[in-house]
K.L.:
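Sharing a structure here in structure tokens format.
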Amino acid sequence: MSQKEEYEAKIKAIAPTSPLFKNCLFAFLFGGGICAFGETFRHLLMRIGLESSDAFVQVSVTLIFLSAVLTGLGIYDNIAKIAGAGTLVPVTGFANAVVSPAIDTKSEGWVLGVGAKIFTVAGPVLLYGVLAGTVYGLIYYAVSLFGGGV
Amino acid sequence: MIHTFRHAPGILTAAAVGGYEERRGPLGEAFDLCDPSGRFGQKTWEMAEEELARTALNAALGKAGVNAKDISVLCAGDLQNQCCASSGGLYSFGIPFLGLYGACSTCTESLLVASLYLSETYSEKRRLAAAVTTSHNGSAERQFRQPLEYGSQRAPTAQWTATAGGAFLLDSHGADVLITECMPGRMINSLILDSANMGCAMAPAAADSLCRYFEESGKKPVDFDAIVTGDLGLVGASMLRELMKEAGIPLEENYRDCGTMLYDEKEQDVHGGASGCGCSASVLSCFFLPKMVRGDYQDILFLSTGALLSATSVQQGEAIKGIAPLLRIQRRKT
Amino acid sequence: MSILYAFLVGGALCVPAQILIDRTKLTPARILVLYVTLGVILGALGLYQTLRDAVGCGVSVPLIGFGGVIAEGVKKAIDEEAFLGIFKGPLTAAAVGTSAALVFGYLTALIFNGKPHKM
């Protein structure tokens, strides 16, 4: 065993671990709760005449708005302490990841602070989402070129 | 190597300043001043830390009834990039300045350098030196972790950067409490990369310093009223006990860690305990020094512990190095 | 009924992320990258659409949905504009969510100041 592994084993023996079951339960409840809220709202929107696809987008925008307000009021991070992945995985977590650096960096100015750093946390999601989409696009395009004639 | 001061400088006065969580903690009452808003009247967290440093030094000067121009040298440091809390907060005193960085070991480092300065320039004429160390949760989170409003869970081993600072005035002609010995720490590679477990990144360095000290001095842990580490926290302190046991010099009941004393484990959601260079500075100032002045303690070893890392070094896969300079602080014999 | 499904599926999708946070060294940012990429893959395979029809917001609200609409957008753009669609698709589909987050983020920064961190 290397010195590093030896020390890591020692750490493992004394360091407390997160309460996995409790954390997963809260993640499930909060994450599920946010999704159920979104679904309820979507049904309401469809009842007043929105098309299904528009209602999905509208729900996302509303959740992003609510997350921004809760982040601004300093509440979102307090919920996240309990909810963990339950407030990270829903689109509200993405919004929080954009809004929190914006508030945090306004002391450094509106252009080089907020402007430059607004994507410090959420940027990876956007980059890798677009990259994955492009890879799929290339494959889909190639398939449609060769498969199109069939 | 242990250095024994020929003219041991005395700690004339000390002041501790804190924020919201520090006020709620078990030592809250003992702080000279706490601002629950954490802002100290400033617009940004970085400026708040500057003001914290300024307030701490002013309080220490006020207690001693001395003027800033009577201070020969100011040794100060903090966790901000390029130590801007110290320079921004303390430039206006006009005291010749030595800026220091030892991460969270800066409190001991600044006292060590100030003591060496006073002992080297010792003469009939009384000289004073100041040592100031600060950390701020807001500026540290922003610099080392993530935006303050970002929702996340802290790991159980993660420590809480204290919004706190300590200022000390040292007197070349001694005081009730004297700094009698010092020993700079070696940088010890902890081999770990986990910045959510700084205690275990620093424990090997504290063990190294303590082992070297006991070996060279021939003393034992029980010879001291307290052996105090800076901010190993709950996990790091257990690790240090473990490492010392392995080294054949087990620590006894008199071992204390400032990181486990600043907050209340039951009342506050502390996780791994407190950290930050203001942690050991404020606990020394508002807990250990008053105990020594009262005579409860005669002789202590004080080692602030530092984790030498930056956000970049961790991302680039460099293991965290620890450091733990050591001071022996004794009550003047009467 | 779909509200219950949304609750169960949405909640269940958060659990693997929680396990990754607690038991691995993966940071939240990496986990979100995983989810988005997974969403793109599900969308590419056509599974995302099937799931969304069944559980609605249970799959569209988690970040998998963000990946899912990116895949959908890419497919639509390529069907309409051939090669250029590869580049037009991803951000067109992600536009609403991203713009909303940016605009609300900016407005929030205008109105609110950071609060001190509490334990």
Side-chain angles (χ1 to χ4, degrees), chain A residues 17-18 20 23-24 27-36 38-40 42-43 56-57 59-61 63-65 68-69 71-74 78 84-86 88-91 93-95 98-99 102-104 106 114 118 121-122 124-126 128-130 132-134 136-138 140-141 144, chain C residues 2-3 6-15 17-19 21-23 28-29 31-33 35-37 40-41 44 56-58 60-63 65-67 70-71 73-75 78 82-83 85-87 89-91 94 96-98 100-102 104-106 108-109 111-115:
Chain A
T17 48
S18 312
L20 189 62
N23 283 354
C24 285
F28 177 80
L29 293 176
F30 278 90
I34 293 169
C35 295
E39 184 69 4
T40 314
R42 188 173 74 91
H43 280 284
F56 275 115
V57 178
V59 166
S60 291
V61 173
L63 287 175
I64 288 168
F65 173 76
V69 174
T71 302
L73 291 170
N78 289 328
L88 174 77
V89 169
V91 72
F94 175 73
V98 176
V99 178
I103 299 173
D104 218 47
K106 81 184 219 190
V114 178
I118 196 163
V121 188
V125 171
L126 206 59
Y128 288 100
V130 169
T134 309
Y136 165 55
L138 283 169
Y140 181 73
Y141 180 68
S144 68
Chain C
S2 74
I3 295 170
F7 176 78
L8 293 176
V9 173
L13 283 174
C14 296
V15 173
Q18 187 68 47
I19 296 171
I21 293 173
D22 285 350
R23 288 294 180 267
I31 293 166
L32 291 187
V33 167
Y35 269 66
V36 165
T37 313
V40 173
I41 295 169
C57 290
S60 78
V61 168
L63 265 195
F66 200 72
I70 287 177
V74 169
K75 185 169 178 291
I78 292 172
F83 185 75
I86 297 172
F87 297 103
L91 279 182
V96 180
T98 310
L102 281 175
F104 294 141
Y106 187 84
T108 313
I111 300 167
F112 296 99
N113 283 317
K115 306 278 178 303

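Letters A, B, ... mirror the listed sequences (proteins, then strands); counts begin at 1. Computed from a predicted structure; not experimentally measured.
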K.L.:
Taking C-beta and beyond as the side chain, do A:Tyr140 and C:Val74 meet within less than 4.5 Å on heavy atoms?
P.N.:
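When only atoms from C-beta onward are counted, C:Val74 and A:Tyr140 do not touch, as no gap falls below 4.5 Å.
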
K.L.:
What part of A:Asp104 lies closer than 4.5 angstrom to a heavy atom of chain C: side chain, backbone, both or neither?
P.N.:
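Neither part.
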
K.L.:
Among C:Cys14, C:Gly105, C:Gly85, C:Ala71, single out the residue with the greatest number of heavy-atom pairs under 4.5 Å to chain A.
P.N.:
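Between C:Cys14, C:Gly105, C:Gly85, C:Ala71, the count favours C:Cys14.
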
K.L.:
Contact between A:Leu20 and C:Ile19 at the side-chain level, heavy atoms closer than 4.5 Å - yes or no?
P.N.:
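Of all side-chain heavy-atom pairs linking C:Ile19 with A:Leu20, at least one is under 4.5 Å.
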
K.L.:
At a 4.5 Å cut-off on heavy atoms, which part of A:Val61 comes close to chain C: side chain, backbone, both, or neither?
P.N.:
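For A:Val61, backbone and side chain are both near chain C.
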
K.L.:
Measure across C:Phe7 and A:Ala36 and return the closest heavy-atom pair with its distance rounded to 0.1 Å.
P.N.:
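So the two residues come closest at CB-CB, 3.8 Å.
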
K.L.:
If I measure from the heavy atoms of chain C, does A:Ile64 come under 4.5 Å with its side chain, its backbone, both, or neither?
P.N.:
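Both parts, heavy atoms under 4.5 Å.
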
K.L.:
Report the option among C:Gly97, C:Gly114, C:Ser60, C:Ala44 that has the most heavy-atom pairs separated by less than 4.5 Å from atoms of chain A.
P.N.:
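The residue among C:Gly97, C:Gly114, C:Ser60, C:Ala44 with the greatest pair count is C:Ala44.
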
K.L.:
Report the option among C:Val40, C:Ile3, C:Ile70 that has the most heavy-atom pairs separated by less than 4.5 Å from atoms of chain A.
P.N.:
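The candidate making the most pairs under 4.5 Å is C:Ile3.
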
K.L.:
Counting heavy-atom pairs under 4.5 Å with chain A, which one of C:Phe87, C:Tyr106, C:Phe104 comes out on top?
P.N.:
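With the most close heavy-atom pairs to chain A, the winner is C:Phe104.
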
K.L.:
Under 3.5 Å, is there a donor-acceptor pair between the side chain of C:Lys115 and the main chain of A:Gly74?
P.N.:
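Checking the backbone N and O of A:Gly74 against the side chain of C:Lys115, no donor-acceptor pair under 3.5 Å is found.
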
K.L.:
Who among A:Gly32, A:Gly129, A:Ala95 has the most heavy-atom pairs with chain C under 4.5 Å?
P.N.:
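Greatest number of close heavy-atom pairs with chain C: A:Gly32.
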
K.L.:
Considering only heavy atoms, which portion of C:Ile21 lies under 4.5 Å from any heavy atom of chain A: side chain, backbone, both, or neither?
P.N.:
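The answer is the side chain of C:Ile21.
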
K.L.:
Side chain, backbone, both or neither: which part of C:Val36 has an atom under 4.5 Å from a heavy atom of chain A?
P.N.:
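Side chain only.
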
K.L.:
Specify the closest pair of heavy atoms between A:Ala85 and C:Ala17, including all atoms of both residues, with the distance to one decimal.
P.N.:
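Closest heavy-atom pair between A:Ala85 and C:Ala17: CB-CB, 3.7 Å.
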
K.L.:
What part of A:Phe65 gets within 4.5 angstrom of chain C, counting heavy atoms only: side chain, backbone, both, or neither?
P.N.:
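Both backbone and side chain.
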
K.L.:
Parallel under 30°, tilted from 30 to 60°, perpendicular over 60°: which one fits the rings of C:Phe66 and A:Phe94?
P.N.:
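Tilted: the ring planes of C:Phe66 and A:Phe94 meet at 30° to 60°.
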
K.L.:
So for A:Tyr141, is it side chain, backbone, both, or neither that comes closer than 4.5 Å to the heavy atoms of chain C?
P.N.:
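When you check distances to chain C, atoms from both the backbone and side chain of A:Tyr141 fall under 4.5 Å.
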
K.L.:
Give the intermediate values and the outcome of side-chain contact (heavy atoms from CB on, under 4.5 Å) for residues A:Tyr136 and C:Ile41.
P.N.:
CA-CA 8 Å; A:Tyr136 165 55; C:Ile41 295 169; over 6 Å; no

K.L.:
Do you know which two heavy atoms are closest between A:Phe28 and C:Leu8, and how far apart they sit?
P.N.:
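Of all heavy-atom pairs spanning A:Phe28 and C:Leu8, the closest is CE1-O, 3.4 Å.
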
K.L.:
Given A:Val98 and C:Leu102, is the side-chain contact (heavy atoms from CB on, under 4.5 Å) satisfied, shown in steps?
P.N.:
CA-CA 7 Å; A:Val98 176; C:Leu102 281 175; 4.2 Å; yes

K.L.:
Show, in sequence, the C-alpha distance, side-chain angles and deciding distance for A:Leu88 and C:Gln18, and conclude whether the side-chain contact (heavy atoms from CB on, under 4.5 Å) test is met.
P.N.:
CA-CA 9 Å; A:Leu88 174 77; C:Gln18 187 68 47; over 6 Å; no

K.L.:
So how far is it from A:Phe56 CZ to C:Cys57 SG, rounded to the nearest 0.5 Å?
P.N.:
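SG of C:Cys57 is found 5.5 Å from CZ of A:Phe56.
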
K.L.:
Mind listing the closest non-hydrogen atom pair of A:Leu73 and C:Phe112 along with its distance?
P.N.:
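So the two residues come closest at CD2-CE2, 3.4 Å.
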
K.L.:
Does NZ in C:Lys75 sit with more than 12 non-hydrogen atoms of other residues, nucleotides or ligands closer than 6.0 Å?
P.N.:
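Counting other residues, nucleotides and ligands, NZ of C:Lys75 stays at 12 neighbours or fewer.
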
K.L.:
Can you tell me which of A:Thr40, A:Val89, A:Val99, A:Val130 forms the most heavy-atom pairs within a distance under 4.5 Å of chain C?
P.N.:
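Heavy-atom pairs under 4.5 Å are most numerous for A:Val89.
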
K.L.:
Does any heavy atom of chain C fall under 4.5 Å from the side chain of A:Val125, the backbone, both, or neither of them?
P.N.:
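Both backbone and side chain.
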
K.L.:
Please assess A:His43 against C:Ser2 for the test side-chain contact (heavy atoms from CB on, under 4.5 Å), listing each intermediate value before the final yes or no.
P.N.:
CA-CA 9 Å; A:His43 280 284; C:Ser2 74; 2.6 Å; yes

K.L.:
Identify the two heavy atoms, one from A:Cys35 and one from C:Gly58, that lie closest to each other, and give their separation to 0.1 Å.
P.N.:
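Minimum heavy-atom contact is CB-CA, 4.0 Å.
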
K.L.:
Which pair of non-hydrogen atoms, one from C:Thr108 and one from A:Gly72, has the smallest distance, and what is that distance?
P.N.:
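In this case the closest contact between C:Thr108 and A:Gly72 is CG2-CA, 3.5 Å.
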
